[in-house]
Participant: 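Handing you this structure, nothing more for now.
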Amino acid sequence: MPPGQPRTRDRSANSSLVSVRGASVLQELLTELAFVLLPRGLTPKRFSELARSAFVQAAADMSKLRNGKVNHSRVAAQTGLSRADVKRLLTSNMFDSVRADQTPLSRVVSGWRTDRKFADKDGSPKRLRISGTRASFTGLVKKYGGDVPYRAVLDELRRIGAVSAGEDNVQLQSPKLHSQRQDFVFLSPVLPALVDGIRIASTQARSGAASSIHRLSLPVETEVDLAIVRDRCVSSAKAMLEGLGHSLGTQVTVPRRRVKSAYSFTITVLLAENRAKRTQSTS
């Protein structure tokens with residue numbers, strides 16, 4: 001056996017282990033996103049479309065020629081997509097196709113509101129018998145829900161508060177409840193902190209710089225303790241930011257100078273409350 005062969009195998013094994021660990025971390029991040037996005041109506045298909053567009057846009061920004069044009073071949077090489085897909089994704093507006101995610105729930109609710117068999121002349125959804133007639137909830141799901149059983153659709157609509165159901169009938173609630181599931185603006189306040197954290201971690205992985213992320217977890221026992229800790233942390237965070245702003249000669253929220261600076265230093269304080277699930281004692 002050549003002298004260098006065992007070392008090559010060791011390097012290959014170490015590389016594979018690092019790859020598995022990296023995939024595990026990424027999977028954990030995506031799982032947390034899924035827990036938030038899935039109940040709000042974002043499907044894997046729609047997420048995949050947005051992700052493809054985002055990857056192509058990022059590769060395009062990194063592959064611009066000196067004349068400002070995008071090298072489509074380089075983008076295709078980076079993303080693994082065909083040049084035709086790259087061109088399509090760069091020229092189409094993903095937000096122009098903000099159609100329903102085409103989940104069974106979306107199709108059922110849409111059909112309930114637009115199909116004359118299940119809606120009144122003014123477009124108001126009818127109260128439907130769960131089964132027994134052609135214009136029933138069972139018939140609605142059979143027509144618009146694909147191969148998903150009506151009971152599963154009904155249970156999910158109940159869970160999100162989209163319907164009120166009796167023993168043998170069901171009524172669609174305000175469509176506003178369902179449309180709110182597609183609204184992801186709630187992510188805006190935490191987006192800067194998330195983006196900053198990812199950029200910091202990515203830069204430090206290459207440069208080995210000292211950590212810029214500091215975390216403190218404070219265990220509490222009761223709701224009263226939680227309220228006290230919350231108020232103290234909020235006031236302390238505000239005092240710290242205001243103190244830094246004054247001591248460094250700048251305001252916390254509005255810069256005094258209107259000239260754009262070449263550099264900036266951002267301080268973000270994120271206060272999170274995590275409630276542990278407790279099992280009730282039977283003794």
Side-chain angles (χ1 to χ4, degrees), residues 16-59 61 78-81 89 94-95 97-106 148 152-153 155-162 177-207 209-221 223 225-227 229-230 233-234 237 266-279:
S16 178
L17 182 59
V18 170
S19 178
V20 170
R21 289 176 178 172
S24 176
V25 172
L26 184 58
Q27 179 72 22
E28 184 177 354
L29 172 62
L30 293 176
T31 300
E32 288 298 322
L33 280 175
F35 271 117
V36 174
L37 301 179
L38 187 60
R40 289 170 171 82
L42 187 66
T43 63
K45 180 179 179 181
R46 182 60 177 162
F47 184 86
S48 176
E49 291 175 353
L50 293 172
R52 284 161 64 93
S53 178
F55 272 88
V56 167
Q57 188 59 58
D61 290 344
Q78 286 180 303
T79 61
L81 301 173
L89 290 169
M94 290 297 297
F95 303 105
S97 60
V98 185
R99 56 190 181 278
D101 280 340
Q102 298 302 308
T103 65
L105 262 63
S106 299
V148 180
V153 175
D155 289 344
E156 184 62 16
L157 289 174
R158 277 174 168 169
R159 189 187 68 80
I160 65 175
L177 290 173
H178 190 72
S179 63
Q180 287 175 343
R181 300 180 71 229
Q182 307 293 329
D183 188 359
F184 302 103
V185 179
F186 71 93
L187 291 172
S188 297
V190 299
L191 187 59
L194 178 61
V195 172
D196 285 343
I198 291 175
R199 288 176 177 171
I200 290 171
S202 175
T203 302
Q204 291 176 359
R206 296 194 302 266
S207 64
S211 175
S212 299
I213 301 175
H214 306 276
R215 188 176 186 186
L216 172 66
S217 181
L218 301 172
V220 294
E221 292 295 329
E223 292 283 346
D225 292 337
L226 180 62
V229 170
R230 181 195 304 121
C233 287
V234 170
T266 301
I267 302 169
T268 301
V269 179
L270 182 64
L271 306 177
E273 297 179 15
N274 299 310
R275 298 175 181 269
K277 294 182 179 180
R278 296 183 178 181
T279 56

Participant: CG of Asp196 to CD1 of Ile267: how many Å apart, nearest 0.5 Å?
Facilitator: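 Interatomic distance, Asp196 CG to Ile267 CD1, rounded to 0.5 Å: 11.5 Å.
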
Participant: Which heavy atom in Pro192 sits nearest to a heavy atom in Pro189, and how many Å separate them?
Facilitator: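 Reported closest heavy-atom pair: CD-O, 3.6 Å.
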
Participant: How many angstroms lie between OG1 in Thr31 and CG in Leu26, if you round to the nearest 0.5 Å?
Facilitator: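 That separation rounds to 9.0 Å.
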
Participant: Rounded to the nearest 0.5 Å, what separation is found between the CG atom of Leu37 and the CD atom of Glu32?
Facilitator: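 Here the interatomic distance stands at 11.0 Å.
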
Participant: How far apart are the closest heavy atoms of Leu42 and Arg46, and which atoms are they?
Facilitator: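 Looking at all heavy atoms of both residues, the shortest contact is CD1-CG, 3.5 Å.
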
Participant: Could I get the full list of salt bridge (Lys or Arg N to Asp or Glu O under 4.0 Å) partners for Glu223, not counting sequence neighbours?
Facilitator: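 If we apply the salt bridge (Lys or Arg N to Asp or Glu O under 4.0 Å) test to Glu223, skipping adjacent residues, the hits are Arg275.
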
Participant: Should Ser106 and Thr43 count as side-chain neighbours, where that means a heavy-atom distance under 4.5 Å?
Facilitator: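 Contact flag for Ser106/Thr43 side chains = no.
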
Participant: Run the side-chain hydrogen bond (donor to acceptor under 3.5 Å, both in side chains) test against Arg158 and tell me which residues pass, sequence neighbours left out.
Facilitator: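 Listed in chain order: nothing, the list is empty.
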
Participant: Looking only at heavy atoms, which two atoms of Pro39 and Ala34 are closest? And how far apart?
Facilitator: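 Looking at all heavy atoms of both residues, the shortest contact is CD-O, 3.8 Å.
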
Participant: Under the side chain to side chain contact (heavy atoms under 4.5 Å, CB included) criterion, do Leu187 and Leu194 qualify, and how do the steps go?
Facilitator: CA-CA 10 Å; Leu187 291 172; Leu194 178 61; over 6 Å; no

Participant: Under 6.0 Å from the CZ atom of Phe35, do we count more than 12 heavy atoms belonging to anything else shown?
Facilitator: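 Counting neighbours around CZ of Phe35, 12 or fewer heavy atoms of other residues, nucleotides or ligands fall under 6.0 Å, so no.
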
Participant: For the residue pair Leu81 and Leu89, establish whether any side-chain heavy-atom pair is separated by less than 4.5 Å.
Facilitator: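 They are in contact (side-chain heavy atoms under 4.5 Å apart), so the answer is yes.
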
Participant: Identify, with sequence neighbours excluded, every residue that meets side-chain hydrogen bond (donor to acceptor under 3.5 Å, both in side chains) alongside Glu273.
Facilitator: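 So Glu273 forms a side-chain hydrogen bond (donor to acceptor under 3.5 Å, both in side chains) with Arg230.
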
Participant: If you compare all heavy atoms of Phe55 against all heavy atoms of Thr79, which two are closest, and at what distance to 0.1 Å?
Facilitator: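 In terms of heavy atoms, the two residues are closest at O-CG2, 4.0 Å.
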
Participant: Return the minimal non-hydrogen interatomic distance between Cys233 and Leu218, and the atom names on each side.
Facilitator: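 Between these two residues, the closest heavy atoms are SG-CD1, 4.3 Å.
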
Participant: Answer yes or no: is there an ion pair linking Glu49 with Arg52, defined by an N-O contact shorter than 4.0 Å?
Facilitator: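 Looking at Glu49 and Arg52, the cut-off is not met.
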
Participant: Nearest 0.5 Å, please: how far is CZ in Phe184 from CG in Leu50?
Facilitator: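 It is 8.5 Å, given to the nearest 0.5 Å.
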
